[in-house]
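Take a look at the structure set out below.
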Amino acid sequence: MKKKIKKIGGIAGFLLGGVSGAALLNAVARNYALEFNSTKVMVNNKSISMQNFYDNLVYTYEGWFYVDEQGQKTSVDSLCDTSYRRRAANSCYKNASFVEKIDTIYVDYAESVADSQAQKHLVYAIGAQDTVAQIPFLGVQNYGTMVIREFVSNDSAVQARVDKYNDEFNCTREHEMQHYFNMKAGMREWNSYSIKFAECCMDEMSASLAQCLAQIKKYQLHNGDKKYLTGRFKFLNQAIQEGRISTLGRFSKKEQQLIAESIFDEWMDIRYDMYEQRNRNRAVLYLSGATYQGIQPDWKRHEALMRKCFTIDGYDFWKYIKKREHEIFERISPEHKAQYASYSRYKFKTMKHFEQMEEIRQNEGKGAFKRKVGSNVLLSKLIKKFGYNR
C-alpha cells in the first residue's frame, strides 16, 4: 500500500510538471474540496473536517493512523470498525459503580372512599408527595443506582396487607441486582432492533428468575413459613406443595427446567403485554447511538449475553429458555417489525463517513478499503497543495 501511494504521488508530481497535468489535478482538487472541508468526522470525541483527518494520516507497518496536534495516534481501522465504537459507547455501563437507596412508601386507607369501602382501597405516598392510588414500582435499577421501595403504615391491618411488597418477603433486591448484573454483562450493547427487544424481555425474565430463587431460599431459611412465598410466582406454591420443587439442597436438572419454563410461561402470559411498550422504548433508546452496522443481527453476541444473564446461582437456565425464545420473536407485531425496518433504513441513509468506509470494507473487502483510504489521503494532499483547504 505504501508503495502504491508513493506511485500515485509520483504520477501526480509528473503531471504537475506540465500545464495540462496541473490543470487537471487542480480541477480534481477543486471538485473534492467542498466534500472534504465540509464533512465532519469524530476522532477521540473531537469533531474535525475530513480534509484535516486525511491530511494527517501516516502509514506504518500496522496500517494507517491519524496523528493529532499532540502527537496522539489513532488507528483508522478502529475508527471504521463498529465493534470498537460499540465497546466505547457501552464502557460506561460496564464500569458503572453500584449505589443502593431505600424509598419509604407510606400507605394508608383512601380518605375519599366511603367508610364501607375504605378497607378495600389504599393510597401510597413518598414523603410529603401527593398520594396515588396505584402501587409504585417495588424497585428500580438504572445505571448502577438501585432503589428499593419499603412500604410502611401506622395501621397494623394495612401493614399486614403490604408486607408482601417489602424486600424481606418479595426479594426485590435480588430482582434489581440481576438487572444490574445484566447491564454490566452488556444488556445495553448494540444488536438488531428485534433481538434487542427480545433481550429486554429476557432481562425481565432473568431478574424474575433470580427473585424466585431468592424467595425459595427465604422459605427454606424460615422453616417453610408461607409468608415468604408471596404469590408473585403463581406456580411456586403448588410446585413446592406437590414436591416438584425441593426446598433442600441444590436443584436437579428437572427442577431447574420446571423453574425456568414456569417463569417464562408466567412472564409471557401475565407481563408481556404490560412490558411490551416499555421494552420497545428501551430497545430504541439503547440503539439510538448505534451505527447502521451496529444494528445488524449478531446471534453470536446475543447467545453470549443471554448465557451470562441466565447463569444464576451457578445454574445454567439459558439452555431451557433458549428453546423458547422464538416465542418472543413470533409475538412481535408486523407493525413493530415495520417500524424497526424503518429505523434501519434511516440509519443506512444517514451513515457518516467512517460508517461508509466500513461498508466498503464489509462489502468490497479489505483491499478496496485500503485503496479508498490511500485515495482519500492523496486527494487531501492535492486539495492542500492547490490551496482549497480551509
So that I can tick it off, tell me whether [Y] and [X] are bridged by a salt bridge, with the cut-off set at under 4.0 angstrom between side-chain N and carboxylate O.
X	Y	result
Arg307	Glu303	yes
Arg324	Glu327	yes
Asp313	Lys217	yes
Arg232	Glu266	no
Arg361	Asp77	yes
Arg301	Glu199	no

Can a donor-acceptor pair be found between the side chains of [X] and [Y] at a distance below 3.5 Å?
X	Y	answer
Gln215	Thr230	yes
Asn26	Arg30	yes
Gln241	Asn237	no
His175	Thr172	no
Asn170	Tyr165	no
Asn182	Gln178	yes

Apply side-chain contact (heavy atoms from CB on, under 4.5 Å) to the pair Tyr59 and Val377, showing each step before the final yes or no.
CA-CA 10 Å; Tyr59 190 79; Val377 169; over 6 Å; no
Is the number of heavy atoms from other residues, nucleotides or ligands under 6.0 Å of [X] [atom1] greater than 12?
X	atom1	result
Gln238	CD	no
Lys40	NZ	yes
Asn154	CG	no
Lys184	NZ	yes
Lys319	NZ	yes
Gln277	CD	yes
Glu330	CD	yes
Lys384	NZ	no

Is the side chain of [X] donor-acceptor paired with the backbone N or O of [Y] at a distance under 3.5 Å, no angle test?
X	Y	answer
Glu176	Gln141	yes
Asn191	Asp298	yes
Asn37	Tyr388	yes
Glu150	Asp103	no
Lys352	Met42	no
Asp167	Arg173	yes

Ring-plane angle category for Phe98 and Tyr180, please: parallel below 30°, perpendicular beyond 60°, tilted otherwise.
tilted
Would you call the rings of His222 and Tyr228 parallel, tilted or perpendicular if under 30° counts as parallel and over 60° as perpendicular?
parallel
Pi-cation contact, [Y] with [X] (under 6.0 Å, within 45°):
X	Y	result
Arg87	Tyr84	yes
Arg278	Phe137	yes
Lys73	Phe65	yes

Counting C-beta onward and ignoring hydrogens, is there a side-chain heavy-atom pair between [X] and [Y] closer than 4.5 Å?
X	Y	answer
Val43	Leu79	yes
Tyr275	Glu204	yes
Arg390	Gln51	no

For [Y] together with [X], are the ring centres under 6.0 Å from each other?
X	Y	value
Phe354	Phe53	yes
Phe310	Phe317	no
His353	Phe36	no
Phe264	Trp318	no
Tyr124	Tyr106	no

In terms of hydrophobic clusters joined by side-chain contacts under 4.5 Å, are Tyr272 and Tyr340 together?
yes
Begin from the C-alpha positions of Asp81 and Ser83 and carry the test side chain to side chain donor-acceptor pair (under 3.5 Å) through to its verdict.
CA-CA 6 Å; Asp81 189 331; Ser83 63; 2.7 Å; yes
Locate the shortest heavy-atom distance separating Val284 from Tyr193; write the atom from each residue and the value.
CA-CE2, 4.3 Å
Shortest non-hydrogen separation from Thr291 to Trp190 and the atoms involved
N-CZ3, 4.0 Å
Checking side chain to side chain contact (heavy atoms under 4.5 Å, CB included) against Tyr66, which of Asp55, Val41, Ile48 comes through?
Ile48
